[in-house]
Peer 1: 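Can you keep this structure in mind? I'll have questions shortly.
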Amino acid sequence: MSSQPSAPTPTNSLPAPPPSSSSSSPSSSSTPSASADPSTPSPASLPQIVKNDPQRTGFDPKTAWWINYFNIVTGNITPEGVFHYREWRHRVHEKRDCERCESNRDWAFAHSPTVRFMREKIEALNGNLDASNVVCRRCPARITEDGQVHRAGGGFSPDHGILICANEIRNRNRFEDTLAHEMVHAWDHLRWKVDWVGDKDLKHAACTEIRASMLSGECRWTRETFSRGNWTLTQQFQNCVRRRAVLSVMARPRCKDEAQAVKVVNQVWDSCFSDTRPFDEVYR
């Protein structure tokens with residue numbers, strides 16, 4: 001995703017994003033230029049993005065979609081090719097996906113208890129979230145030469161608002177979880193001086209990610225079990241929150257590796273996991 005502002009100071013507004021394409025939409029994992037920090041890996045040291053080669057993957061965007069789909073079903077397209085096919089279909093259906101996302105946004109603002117509660121609490125801090133700064137865009141995924149697929153469901157930017165990735169968030173329940181997650185970040189931004197990027201340390205990032213995963217509902221048992229296949233009966237909620245917080249911290253440019261992310265999450269775990277503000281308790 002595109003540019004991430006530097007560590008913000010408390011503000012009493014959540015400005016609207018500029019009317020532009022998805023390339024300028026906010027993302028919680030996007031970062032500023034890395035050249036100012038020697039601890040940030042240089043672009044040359046990062047895994048390179050892999051582009052589709054029909055001869056290698058078996059997927060050819062010039063071929064009809066149903067032929068490509070048949071080739072996927074019959075095993076004639078590689079997993080990398082399936083990735084590129086998926087991204088191709090997202091580009092084709094971008095308008096449809098964004099319209100569905102905007103419909104879910106309007107429904108959530110009107111009917112979701114969690115979203116309505118968070119919106120009221122944000123307004124109490126002189127902030128505002130509405131259709132002008134909660135935007136739906138297609139978020140291109142990427143696959144790198146190490147075989148890793150990088151996707152985003154949404155993001156929060158203090159300078160722009162909330163982004164929902166319309167091509168990734170395809171049902172109302174997941175939309176509600178994603179919007180609630182980003183609204184927790186928005187409330188934290190208005191309530192405290194949050195070091196989003198981790199210029200000083202990563203504890204702020206770890207804490208807000210713990211709270212967002214805990215309070216949004218994305219780690220409830222049914223979501224973990226039926227959507228992600230995690231059937232653990234003991235400590236399932238805590239493990240989910242911890243795992244998702246670690247992954248989010250790892251996406252920060254100042255985070256060196258998984259070991260550092262785990263360490264910083266553990267350092268703030270007790271205080272942040274017990275902090276349910278602005279809720280009285282974990283609601284979902």
Side-chain angles (χ1 to χ4, degrees), residues 1-8 11-32 86-87 89-112 114-123 125-142 150-190 194 196-197 205 208-209 212-213 215-218 248 251-252:
M1 299 304 299
S2 64
S3 61
Q4 167 76 32
S6 59
T11 181
N12 289 329
S13 64
L14 293 170
S20 59
S21 66
S22 60
S23 63
S24 62
S25 301
S27 170
S28 60
S29 61
S30 57
T31 63
R86 184 177 186 268
E87 290 300 298
R89 298 308 292 169
H90 285 174
R91 290 191 293 272
V92 170
H93 295 299
E94 181 174 2
K95 183 175 184 294
R96 180 201 66 185
D97 291 343
C98 287
E99 289 176 348
R100 178 184 59 230
C101 175
E102 290 168 355
S103 175
N104 286 335
R105 176 197 62 197
D106 296 341
W107 174 88
F109 279 151
H111 303 293
S112 166
T114 303
V115 170
R116 292 180 64 181
F117 175 83
M118 286 301 304
R119 196 177 184 189
E120 290 175 0
K121 294 302 180 181
I122 287 170
E123 289 175 351
L125 296 175
N126 297 321
N128 181 59
L129 286 174
D130 55 30
S132 70
N133 56 9
V134 178
V135 297
C136 296
R137 298 287 189 271
R138 178 177 65 87
C139 302
R142 66 190 190 279
H150 306 268
R151 306 187 191 279
F156 168 71
S157 166
D159 284 351
H160 299 96
I162 290 174
L163 166 72
I164 303 294
C165 296
N167 56 309
E168 299 290 349
I169 310 301
R170 292 176 167 270
N171 65 68
R172 183 170 288 176
N173 288 337
R174 189 177 174 194
F175 179 95
E176 187 178 10
D177 292 346
T178 303
L179 180 55
H181 179 113
E182 304 306 336
M183 292 179 85
V184 172
H185 289 326
W187 190 87
D188 285 352
H189 165 66
L190 292 169
V194 178
W196 291 101
V197 180
T208 192
E209 293 299 346
S213 293
L215 298 173
S216 64
E218 65 190 27
S248 294
R252 262 62 177 189

Peer 1: Salt bridge check, E99 against K95: does any charged N sit closer than 4.0 Å to a carboxylate O?
Peer 2: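 Looking at K95 and E99, the cut-off is met.
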Peer 1: Quick one: closest heavy-atom pair of R138 and E94, and the distance?
Peer 2: NE-OE1, 3.3 Å
Peer 1: Once you find the SG atom in C101 and the one in C136, is the distance between them below 2.5 Å?
Peer 2: yes
Peer 1: Taking only Lys NZ, Arg NE, NH1 and NH2, and the carboxylate oxygens of Asp or Glu, determine whether R100 and D97 approach each other closer than 4.0 Å.
Peer 2: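 So R100 pairs with D97 through a salt bridge.
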Peer 1: Could you state the interatomic distance from SG (C139) to CG (L163), rounded to the nearest 0.5 Å?
Peer 2: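 Answer rounded to 0.5 Å: 4.5 Å.
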Peer 1: Can you list everything that forms a salt bridge (Lys or Arg N to Asp or Glu O under 4.0 Å) with E168? Sequence neighbours excluded, please.
Peer 2: R86, R151
Peer 1: Given the rule in the side chain to side chain contact (heavy atoms under 4.5 Å, CB included) test, do H185 and E209 qualify, once you have shown the distances and angles that lead to the verdict?
Peer 2: CA-CA 8 Å; H185 289 326; E209 293 299 346; 3.4 Å; yes
Peer 1: Might you work through the side chain to side chain contact (heavy atoms under 4.5 Å, CB included) test for W196 and R252, ending with a clear yes or no?
Peer 2: CA-CA 9 Å; W196 291 101; R252 262 62 177 189; 4.0 Å; yes
Peer 1: Taking all atoms of both residues into account, what is the closest heavy-atom pair of G127 and L190, and its distance?
Peer 2: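 Scanning both residues completely, I find the closest heavy atoms to be CA-CD1, 3.8 Å.
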Peer 1: Run D159 and S157 through side-chain hydrogen bond (donor to acceptor under 3.5 Å, both in side chains) and show every step you take.
Peer 2: CA-CA 5 Å; D159 284 351; S157 166; 5.5 Å; no
Peer 1: How many angstroms lie between atom CD1 of I162 and atom CG of D130, to the nearest 0.5 angstrom?
Peer 2: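 It is 10.5 Å, given to the nearest 0.5 Å.
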Peer 1: Minimum heavy-atom separation for G154 and C165, please, with both atom names.
Peer 2: N-SG, 3.7 Å
Peer 1: Return yes if some donor-acceptor pair links the side-chain N/O of E87 with the main-chain N/O of A141 below 3.5 Å, else return no.
Peer 2: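 Checking the backbone N and O of A141 against the side chain of E87, a donor-acceptor pair under 3.5 Å is found.
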Peer 1: Which pair of non-hydrogen atoms, one from S216 and one from S213, has the smallest distance, and what is that distance?
Peer 2: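 The pair with the smallest heavy-atom distance is OG-O, 3.7 Å.
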Peer 1: Check V115 against M183 and note the closest heavy-atom contact, atom names and distance.
Peer 2: O-CE, 3.5 Å
Peer 1: Nearest 0.5 Å please: distance from the CD1 atom of I164 over to the NE2 atom of H181.
Peer 2: 10.0 Å
Peer 1: If you look at every heavy atom in L129 and F109, which pair is closest and at what distance?
Peer 2: O-CZ, 4.1 Å
Peer 1: Among all residues two or more places apart in sequence or in another chain, which pass the salt bridge (Lys or Arg N to Asp or Glu O under 4.0 Å) test with E123?
Peer 2: none
Peer 1: How many angstroms lie between CG in L125 and NE2 in H189, if you round to the nearest 0.5 Å?
Peer 2: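 These two atoms lie 10.5 Å from each other.
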Peer 1: With rounding to the nearest 0.5 angstrom, report the CD1 to CG distance, I169 to L179.
Peer 2: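 The CG atom of L179 is 10.5 Å from CD1 of I169, to the nearest 0.5 Å.
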Peer 1: Can you tell me how far OG of S112 sits from CZ of R119, rounded to the nearest 0.5 angstrom?
Peer 2: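 The CZ atom of R119 sits 11.5 Å away from the OG atom of S112.
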